[in-house]
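I have placed the structure first, in the form of structure tokens, so that the comments after it can refer back to it.
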Amino acid sequence: MILFVVILALLAAGVVAWASERLSKDAPRLVSIVAFGAGLVWSAALWLDGADAGGLYAAMDWPWIGRFGIHLTLEMDGLSLLMVALTMFLGIVAVVSSWDEIEAGHGFFQFNILWVMAGVVGVFTAMDLLLFFFFWEVMLIPMYLLIAIWGHEEKAYASMKFFLFTQISGLLMLFAILALVYVHHGATGEITFSYKALLEAEIEPRIAIWLMLGFFVAFATKLPSVPVHTWLPDAHTQAPTAGSVILAGILLKTGAYGIIRFAVPLFPEASADFAIWAMLLGTVSILYGGAMAFSQSDFKRLVAYSSIAHMGFILLGVYAFNELGMQGAIVTMVAHGFSTAALFMMAGAIQQRLHTREMSQMGGLWKHAPRMGTMTLFFVIASVGIPGLGNFVGEFLALLGAFQQNWVMAVVATAGIVVAAVYGLYLMQRSFQGTPNPDVASMRDFGLREMSVMAAMMAGLVWVGVYPQPVLELSNATIQTLGILP
Amino acid sequence: MLDWFWLVPALPLAGFFALFVTEGKLPDRIVAAIGAGSIGLAALVALGAGMEFTQSGEASYSQTLWTWMAVGNFTPSITLYLDPLSLVMTGVITGVGFLIHLFATGYMWKDHQEPEGYSRFFAYMNLFVFAMLMLVLGDNLLVLFLGWEGVGLCSYLLIGFYHRDAENGYAARKAFVVTRVGDTLMAIGLFLLFRELATLDIQTALGDAAQLDPGMATAIGLLLLGGAVGKSAQVPLQTWLPDAMAGPTPVSALIHAATMVTAGVYLIARMKGIYDLAPVAQFAVAIVGLVTLLIASFTALTQTDIKRILAYSTMSQIGYMFMALGVGAWSAGIFHLMTHAFFKALLFLASGSVILALHHEQDIFKMGGLWRKLPVPFWSMAIGSGALVALPFITSGFFSKDAILLTAWDHENAGRWFWAGGVLAAFMTALYTTRMMVVAFFGETRTEPHDASRINMWGPLVVLAALSIGGGWMTFSVLDDLLGAISHIPHTHPAALVTVALPLAGILLGWLVFSGRLRVGALVESPFGDAVRRFWQSGWAFDWVYDRVFVRPFLWVARVNKRDVVDLLFRITAAVTRGFHHIGALTQTGRLRWYAANMAIGLIVVVLIVASV
Amino acid sequence: MAIEVPVEHVLLVAAALFLLGLLGVLVRRNIIFLLMSLEVMMNSAGLAFIAAGAKWGAPDGQIMFMLILALAAAEVAVALGLVLQISRRFDTLDVDAASELNG
Amino acid sequence: MTLDLALFWIPAAVALVATGFVITRKNAAHALIYLVVSLLSVAVIFFVLGAPFAAALEVVIYAGAIVVLFLFVVMMLNLGNTSVMRESRWLRPGMWVGPAILVSILLITMVYVIVGLPDANVTKGEMVGPKAVGNELFRPYLLAVELAGFLLLAALIGAYHLGRRYLEQRREP
């Protein structure tokens, strides 16, 4: 019940934000902040409150379209709670990061942000496959609008590319969902989209592999994994800062979440057979994403490609089929949400100040903005994977898990941390270090508003880095109940 | 005091944190007090705890702070583990570290390049000390890895401290990336160790090591060696260290001489139990040490930058330590690590004083005649050089190096070769050290110095000079239980005589050549001599090879593939679709009658179909 | 009393009328003539329905004709409104002038 | 039978000839007159085929209302001699070739289809009066009537909208 209310509240907040634009241009932002802030407090309260006996923090189940067995089933277990809390937090970050970037349409902008997030919360809690697909689409359209309306110079191309990739892969997932329901109906005579019921479905291995691929392709595109990653650099680069933050921080995680929640548990045998290929894709993503990141001269594009590399660790970890790898993947999701969101926020801040993302136009910015330099340094270091910060925990666990499963793949993937160092430090060098660019006369440094968000993300990364236990415990409950570990 | 042991790493961390959150807004004096004071306090706590620990007679003491992460059976905890080995290391890090910090408060004062970076400098330095302490105190390989990567990070930050110069940034990145290659190998070693023994806890792993398959033990040993090689600048990952001299001199003293670069030695000594089971891996350690030792000492002879000379000398001295570990002189290796920390820190700090007095002139051929004008640096330098050369009986370096060489002599296979290599390198060490001293401090004055040193700068020099001399006199027996006693061969043994005599010969030869009393110009300037000189000067062309084998292909791929070849797949799909669109659009003329005519044609077709049915 | 003729004849006439209308649509450029031709075509369709109704003596043919009539009336009303707009915008009655929807 | 054929073919011939004039005239008003003739002949055919109600509607609505609408528009646009000259420019003989070929093919196929109908079909020769039509129309075809009503309403609004804007725009300058 409460979950449905929260989603509706986010949707309603979107409408209120849009309408409140008449009052002042600050009003929509405040509505968003309050909505996400309340959401964050709510998820923290749920966390502190603890789960019920079934490991759930909240649940509801209403019939929706009865004759097809479609229910409004929303459930929140540990993993969902973790992801929802991250969503709420990054919602605040997104709003703050685009605070004075948007020049027109404040109300509609916040409306879109709130609706994306409502869709995301739905995705993270839906336990009915059609409902899941519904929310999957709900997040897509506002995101498309965010890029298409408030994007940068090539927004039309980027937003269309984003839309097509997501939509086509989503279509595959819809086919797979319908086919799964059909097969289940053939076996039991019952039409249902319920996740729990379909978990029990007996599927012929020959069919299961195709259905699994339908899900996998959709999630791998969202993740994204090589070779369906090419929408991401364009979308990230062209999106407004808030869009990049949401895209990197949250939307990519829905792909990872989908793999963990749906692709693997629904088809455990098929996934086990496929694991080696998925790990291969992960490994290739790590290395290829890293190498591509190094090639870029655009600050945002570089960070975008680094996301691809980080997402490779998630594939590697999940398909290692052990607790270490799975936990590594989940911690990576959280840590990457912080570190990359911060870097995108930084990219947006630089672009707003210098009107360029090209690193050849930067250099030596530390002189003008030591705070921004320090922050960039911190988050670059985090994304390079220095122990003590969140990304390390995730990547180390993922690699450790993968090594138990397939040592060759893990060894090759470990080389990715060298590549990460190469591009991460090069980013730092070309933007903030080196000889100050004479074309840059001055640059406004971060103020209190930006610093407080940055500080929160730093604290988050350090927390996950040195004491990830709460996160691990939260996700552990889910991992155990998914029943995919040997 | 032992209960408060956690303060030892916590104090530098607190110092870092204080400097970090104040964003360099504190007055410089307070920054100096925090920066050096936190290390000083940590040293005091370490001293007190160390004394209590030694008196308690326990073999080890551990303090668990919290469980880092618990995933299944993988439950590394943040635990500080104190045993004689980590105690020695802690002493060196906090003690020498404090002296260097003290020196740095003077050296970095109103720095010419980064006058506003005072606070940043000490923040990085404090963070480094924290990471280094975690490295040596971690009872778990993952905590060790935390420190291991942490010191690498601080090394990067401090080499690139003068970040406005792009070359320094390059040197910093090179250091980080090259060591990270080693770190990667080490990480793989950890994965393998965990797979085999299901733990990363050092003591548990060493206890269970006997279960290891010998092949696995060798693999783990070699992988850990890979990590050690990277961090300790040994062949083949040594190329970063000379460039790392781009950092401020105290950084070179602390990180690239006294502590971080010896982490590899510590790691191997710490994992002795694995290497005991893997003689092949241990032998590889010795080989790596020997090769580095020789390459670095020859290279040092041809350098002109005083800091690069010292950097190559550091590489070769660490080569001694590796060789020591490889041939089984475990305690001697650590002993040399300690004495080396004293005298090399001394050398770097003294050279730092010289450099500061000469307005950041580092070329020894632009120095000269300084011995009278800069007495404190000169004498410090002289004492340090004496220890480096291992002047018999009066310097600490002699005792440790002697112990290594004599153990090598007794090593069952190839021991004589190791001994011969070590002695040859000792001769070369004497040669290049003499060259450095003679060229820089004697002869005519080429640059006029102005001595700006204060007590906080020469104070540490005096203390370190005393340690460089006296450090060898203390009977180094704390590690006997853990790593075995240092072997002592009577100094009347022929090998011992050669070991003692060769450095003296080197000093003599160096004096004759570099003070111009012995003419060797013809030899050096001959085509062959010049080629050899240039080959040595380039560090045996390792950089050249790596540049062509790794760097340039990578850059080439990066440049060619900037637009992402995979995207081509989708761009072609889009282009084909667009082509069809254009063809289809041709039929849309916008003319009503054209559409009507088409409908008529369609009608004909429909009617024909209907008729034919 | 009504006549008795072969339905084929009526259909042939309807087809001929339809094709004459089509010919007009294809040939004329003036939009007014074009619309007249369209009326002819629709009328011929009505004739075919009436013929079918007469064949069975059923009222359905006439009903269909009435629906066509309604359609024709609606079409003419809107189309003539459009004619006025076109003549104002393009200052001509040439249908080919209104070809902005070309691809 | 012959009389019946004559009763049918005479108005049919008039309709065909008049229609031929409709599509070839250059003056819109003339063409409209021929259109009326064509429609009236078709009305006669309706009547002789036994559909008096349809015949009446044809006269009233087609020949009456619709053609009058056309006439109004022709008057509003003031199509005078210039438009006749323009028509002769537009109606070059070459223009007829392509459409004529197309239409001939269609004619051939249609004749082929119609002549090839399997059984000999003759009209029943019964009058179906307005009462029968009305009974049928408001019973099974009620829905169609409603839909036609919607359509006419939509047309009404559309025509009003288009026409009003025309008038307003005319008034502005």
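Each chain gets a letter, A, B and so on, in the order its sequence line appears, and its residues count up from 1. For the numbers below, each heavy atom of this structure counts, side chains included, while hydrogens, waters and symmetry mates do not.
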ask   = For the side chain of Asp4(D) and the backbone of Glu4(C), is there at least one donor-acceptor N/O pair under 3.5 Å apart?
value = yes

Heavy-atom side-chain proximity of Val122(D) to Val5(C) below 4.5 angstrom = no

task = Determine the option with the most heavy-atom pairs under 4.5 angstrom with chain D, choosing from Val76(C), Leu82(C), Leu80(C).
result = Leu80(C)

task = Would you please test Leu40(D) and Val14(D) for side chain to side chain contact (heavy atoms under 4.5 Å, CB included) and show each step?
result = CA-CA 9 Å; Leu40(D) 288 176; Val14(D) 174; over 6 Å; no

ask   = Short question: side chain of Ser37(C), backbone of Leu22(C) - any donor-acceptor pair under 3.5 Å?
value = no

ask   = Non-hydrogen atoms of chain C under 4.5 Å away: do they reach the side chain of Met110(D), the backbone, both or neither?
value = side chain

inquiry  = Under a 4.5 Å cutoff for heavy-atom pairs, which residue among Val78(C), Ile63(C), Asp94(C), Leu34(C) has the most contacts with chain D?
reply    = Ile63(C)

request  = Calculate, to the nearest 0.5 Å, the distance between atoms CD1 and NE2 belonging to Ile114(D) and His9(C) respectively.
outcome  = 10.5 Å

key: Among the listed options Leu7(D), Leu16(D), Leu153(D), the residue most often paired with chain C at heavy-atom distances under 4.5 Å   = Leu16(D)

ask   = Can you tell me how far CD1 of Ile50(C) sits from CD of Gln62(C), rounded to the nearest 0.5 angstrom?
value = 5.0 Å

request  = Return the option, out of Val73(D), Leu102(D), Val145(D), with the maximum number of heavy-atom pairs under 4.5 Å with chain C.
outcome  = Val73(D)

ask   = Step by step, would you call Arg88(C) with Leu84(C) a side chain to side chain contact (heavy atoms under 4.5 Å, CB included)?
value = CA-CA 6 Å; Arg88(C) 195 191 66 80; Leu84(C) 296 179; over 6 Å; no

task = Specify whether Phe65(C) and Phe46(D) have parallel, tilted or perpendicular ring planes, treating 30° as the upper limit for parallel and 60° as the lower limit for perpendicular.
result = perpendicular

key: Chi angles and distances behind the side chain to side chain contact (heavy atoms under 4.5 Å, CB included) call for Val10(C), Phe8(D)   = CA-CA 8 Å; Val10(C) 190; Phe8(D) 168 70; 3.8 Å; yes

Leu77(D) side, atom CG; Asn30(C) side, atom CG - distance, nearest 0.5 Å = 9.0 Å

query = Picking from Leu69(C), Val13(C), Leu67(C), Ile32(C), which has the most non-hydrogen pairs under 4.5 angstrom with chain D?
reply = Leu69(C)

query = Taking only heavy atoms into account, what residues of residues 52-61 of chain D are found under 4.5 Å from chain C?
reply = Phe53(D), Ala54(D), Leu57(D), Glu58(D), Ile61(D)

Main-chain N/O of Tyr34(D) paired to Ser38(D) side chain as donor or acceptor, under 3.5 Å = no

ask   = Where on Lys26(D) is there a heavy atom nearer than 4.5 Å to chain C: the side chain, the backbone, both, or neither?
value = backbone

Check: Leu162(D) main-chain N/O paired with Gln85(C) side-chain donor or acceptor under 3.5 Å = yes

inquiry  = Shorter than 4.5 Å, heavy atoms on both sides: which option in Gly21(C), Ala70(C), Ala79(C), Ala52(C) has the most such pairs with chain D?
reply    = Ala70(C)

query = Judged by atom type as modelled, is there a donor-acceptor pair below 3.5 Å linking the side chain of Glu39(C) to the main-chain atoms of Leu35(D)?
reply = no

query = Counting heavy-atom pairs under 4.5 Å to chain D, which of Val40(C), Val83(C), Leu93(C), Val25(C) comes out on top?
reply = Leu93(C)

request  = Side chain from CB out, backbone as N, CA, C, O: work out which of these in Ala14(C) comes under 4.5 Å of a heavy atom of chain D, or both, or neither.
outcome  = neither

OH (Tyr112(D)) with more than 12 external heavy atoms under 6.0 Å = no

key: chain C contacts, top residue of Val74(D), Leu152(D), Val103(D) (heavy-atom pairs, under 4.5 Å)   = Val103(D)

ask   = Considering all heavy atoms of both residues, which atom of Ala77(C) and which atom of Ala159(D) are nearest to each other, and what is their separation?
value = O-CB, 3.6 Å

remark   = Ranked by heavy-atom pairs below 4.5 Å to chain C, first place among Phe72(D), Trp9(D), Phe47(D) goes to Trp9(D)

Residue selection (most heavy-atom pairs with chain C, distance under 4.5 Å) from Ala28(D), Ala148(D), Ala65(D), Gly50(D) = Ala28(D)

note = Whatever's closer than 4.5 Å to a heavy atom in chain C on Val42(D) counts as side chain

ask   = Contact part of Thr24(D) toward chain C, heavy-atom cut-off under 4.5 Å: side chain, backbone, both or neither?
value = backbone

message = If you count heavy-atom pairs within less than 4.5 Å of chain D, which of Leu26(C), Leu11(C), Leu23(C) leads?
response = Leu23(C)

request  = Could you tell me which portion of Met66(C) (side chain, backbone, both or neither) has an atom closer than 4.5 angstrom to a non-hydrogen atom of chain D?
outcome  = side chain

remark   = Turns out that what part of Ile157(D) lies under 4.5 Å from chain C's heavy atoms comes down to neither

